[in-house]
Every structure is written in C-alpha cells, then in structure tokens.
Amino acid sequence: MNPAFLNDIDSRMRKDWTSFVEVWQQTKDQWRDGKCRQFEQEDLQPLPGVMSQTSAAIAEFRDFAARVSQELRDEESENDFFV
C-alpha cells in the first residue's frame, strides 16, 4: 500500500465535509423547526469531533504503513546484499 494514498483519503474527506457544511447551511436557512434543531444537535454536532478522530487515525495508520514499507525495503536490501 502506498501511504500517500491515505493522505488523499483524508483530503477528500475534509473537502467533502466542507461541501456538506455549505449545503447544510443552505438547508438550515429553509428548514427551521424542532426536527431541524434535533437533527443538528443529535446527528451533526458530534461530527467535527468524529472527523478529527478519523483524521488522526488515518495519519497514525499512514505513519505505520510508511514504517512497515521502509522496514520491508530495508530487509529486502539486506537480503540482496547477502545473496
């Protein structure tokens, strides 16, 4: 796996979140009732925290994948040296 692929995933997720927030603001301008407030409180308010946790997990996994890839390359180089 190319660890840079995970950067693309994180970037797309952030871009899609930004687009969603824009659409939500437009929707919220038209939808002003108790259900709207309930949806916003129960479903939308937790999302920024979840997004941050997801980005952190992606970064951690990306770093792990990069270390594993490097170790495998190092091991392969060592094995080539002894052949």
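Note: hydrogens, waters and symmetry copies are ignored here, and every other heavy atom, side chains too, is used. Residue indices begin at 1 and follow the sequence shown.
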- In terms of hydrophobic clustering (I, L, V, M, F, W, Y; side-chain heavy atoms under 4.5 Å; direct or indirect links), are Val23 and Trp17 co-clustered? no
- Query: Considering all heavy atoms of both residues, which atom of Leu6 and which atom of Arg62 are nearest to each other, and what is their separation?
  - Reply: CD1-CA, 3.3 Å
- State plainly whether one hydrophobic cluster holds both Val21 and Val50, where clusters connect Ile, Leu, Val, Met, Phe, Trp and Tyr through side-chain heavy atoms under 4.5 angstrom apart. no
- Query: Going from OG on Ser19 to CZ on Arg12, what distance comes out if it is rounded to the nearest 0.5 angstrom?
  - Reply: 13.5 Å
- Would you find more than 12 non-hydrogen atoms of other residues, nucleotides or ligands less than 6.0 Å from Gln30 atom CD? no
- Task: Classify the angle between the aromatic ring planes of Trp31 and Trp24 as parallel (below 30°), tilted (30 to 60°) or perpendicular (above 60°).
- Result: perpendicular
- Note on the structure: Output for pair (Glu22 CD, Gln25 CD), nearest 0.5 Å, gives 9.5 Å
- Nearest 0.5 Å please: distance from the CE atom of Met51 over to the CG atom of Asp10. 8.0 Å
- Item | Gap separating the CD atom of Glu60 from the OG atom of Ser55, nearest 0.5 angstrom | 12.5 Å
- Might you confirm whether atom CZ of Phe64 has over 12 heavy atoms from other residues, nucleotides or ligands at distances under 6.0 Å? no
- Task: Please check if any side-chain donor atom of Gln70 sits under 3.5 Å from a side-chain acceptor atom of Asp74, or the reverse.
- Result: yes
- So which heavy atom on Pro46 is nearest to which on Gln41, and how close? CD-O, 3.9 Å
- Message: Distance check, rounded to the nearest 0.5 Å: Glu42 atom CD versus Glu40 atom CD?
- Response: 11.5 Å
- Taken to the nearest 0.5 Å, the spacing of Arg67 CZ from Leu72 CG works out to 12.5 Å
